[in-house]
Asks: 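Here you go, one structure.
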Amino acid sequence: MPERGNHKTANPPHRNDLDSPETVNLTDPRTLVCKFGGTSLADASRIARAAGIVARMAGPPEAGRVPVVVVSAMAGVTRELLALLSEGGAAPPALPRTLLARHREAARALGAEEEIEALLDALPDRFAAAPSEAALRDAVAATGEDLSALLMTAALRAEGIAAHALDARAVIRTDGAFGRAIPDDETTVALVAERMAPLIGEGTAPVLQGFIGADAHGRTTTLGRGGSDFTAAIVGAALGAREVTIFTDVDGIFSADPGEVPGARILPELGYEEAVELAWFGARVVHPAAAKHAAARKVALRIRNTFHPDGAGTLIRPDRRETPGVAALAHRTGSVLVRVRSRPLFMAHGFLGRVFGILARHGIAVDLVATSHTSTAFTLERPEGFEAARAELEAVAEVEVIEGLATVSAVGRGLLTQPGAAAELFRLLAETPVHLVSQASDTSLSFLVEEGSAGALVRRLHEGLLEHPRQEAAS
Ligand code: ASP
Ligand code: MG
């Protein structure tokens, strides 16, 4: 671990934070919950590096701090596993040779060969036992996390930490909705208390697969893509931790896409609602469900970079006490706008209900919405499948579809209640033609613009609102 020496003299990053006044302390300072994403676990040396970070966070054994580690699959593995099923129909698939080789190589380097081979041996029976295609899909998808948890356990042991791979199926109880299972919080809290807390009590560090759980029949379920963050939030909350650290491959949440906005900077702190809005509108650093769950249970989430572990990162807290104003900008290209105008005969009440009823029947999810008495405009989350709904809509309304748009969103606080913030935004829009304005909460305000003008607009907004705010707008 080349990094290790560099940090030896510095304080372990986490302890630093606990000492600083603006950071929430853990209720039980002995429990340290952290989660590592796929890029942080891409190969044996990265897994070893992650384990080293955990060891530094925990400090010397005398400190008595017990880490709880949640892992994603190695980078790219979940996608590869899911692709197996779209190719091979319903038959239990064999894992690709490259995927096996990659995990075996890591197992050799980390000393986890026996555990990995035992898991691989068990897979065919596991897959064959899946009662449906959907269940098989989740059983297969879960394999990535099953493997990486064993690798991480070995890496932690090499750091001198008493680690134990605790199967997430034994603690994360969900409903039976394969592919997007919803956790049963009450049961999960009880299972964590029964099966995880005693381990921690005796000083053993549980290592848990993110993303997966089991239904009441013990069948493997998954929480949806990116669900490992959610697992970490669930476990942190169940353990009564006040902070959960999400280790990823960026320094934190940026005030705008740094690829597009040269002045973008890391936000030291963010309210959870802002984090959820930002995640939704394009800054996919943390899973929105994780931020929501953490906020509901008063757990702070700290986003930190595995590759710069001494950076402060971004702290997402349930109770950000910041002055109102725009905190960040997000943008997303590929937006499709649909404008629906009622035909004269259908102008009566019920127009909106009818429109959204048709969309719901076709499973069309809308994103931004703006409406007036006789017309409504909305953007589509995904354009697929809209054509069938369009035909039905056209029976009652005129329908216009505009493609090639981008959604630019300002996220912050007081965007509704502090008129100055919104006024400044509109002033900076200047000549940019806007197809739709949408604001449903105090936390975000979104504009739909031509794709080609989005970059310049985001830069102008960032400069005017965050880099050089006008005095009167800032006060
Ligand atoms: N491995 C899963 C995915 O790629 C879950 C996660 O990484 O959060 O979606
Ligand atoms: Mg992720």
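Atoms within each ligand, like the ligands themselves, are counted from 1 in listed order.
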Asks: If you measure from NZ on K35 to CG on D229, what distance do you get to the nearest 0.5 Å?
Replies: 4.0 Å
Asks: At a 4.0 Å threshold, what atoms of ligand 1 neighbour a non-hydrogen atom of S228?
Replies: 5 (C), 6 (C), 7 (O), 8 (O)
Asks: Below 30° counts as parallel, above 60° as perpendicular, anything between as tilted: where do the rings of F356 and F378 land?
Replies: tilted
Asks: Look at the side chain of E80 and the backbone N and O of L95, then say whether any donor-acceptor pair between them is shorter than 3.5 Å.
Replies: no
Asks: Among pairs that include at least one residue of residues 163-178, which meet salt bridge (Lys or Arg N to Asp or Glu O under 4.0 Å), considering only residues two or more places apart or in two chains?
Replies: D146-R169, D167-R169
Asks: I want to know if ligand 1 touches F211 in the polar sense, i.e. an N/O pair below 3.5 angstrom.
Replies: no
Asks: Would you indicate whether the side-chain heavy atoms of V285 and V250 approach each other to under 4.5 Å?
Replies: yes
Asks: Going by the order shown, which atoms of ligand 1 are within less than 4.0 Å of some heavy atom of S72?
Replies: 6 (C), 7 (O), 8 (O)
Asks: Has G38 got any heavy atom lying under 4.0 angstrom from an atom of ligand 1?
Replies: no
Asks: Please name all residues satisfying salt bridge (charged side-chain N to carboxylate O under 4.0 Å, His left out) with R297, sequence neighbours left out, ordered by chain then number.
Replies: D185
Asks: Within less than 4.0 angstrom of ligand 1, does G227 place any heavy atom?
Replies: yes
Asks: Using a 4.0 Å cut-off to any heavy atom of R225, which atoms of ligand 1 qualify?
Replies: 3 (C), 4 (O), 9 (O)
Asks: Non-hydrogen atoms of E145 versus ligand 1: any pair closer than 4.0 Å?
Replies: yes
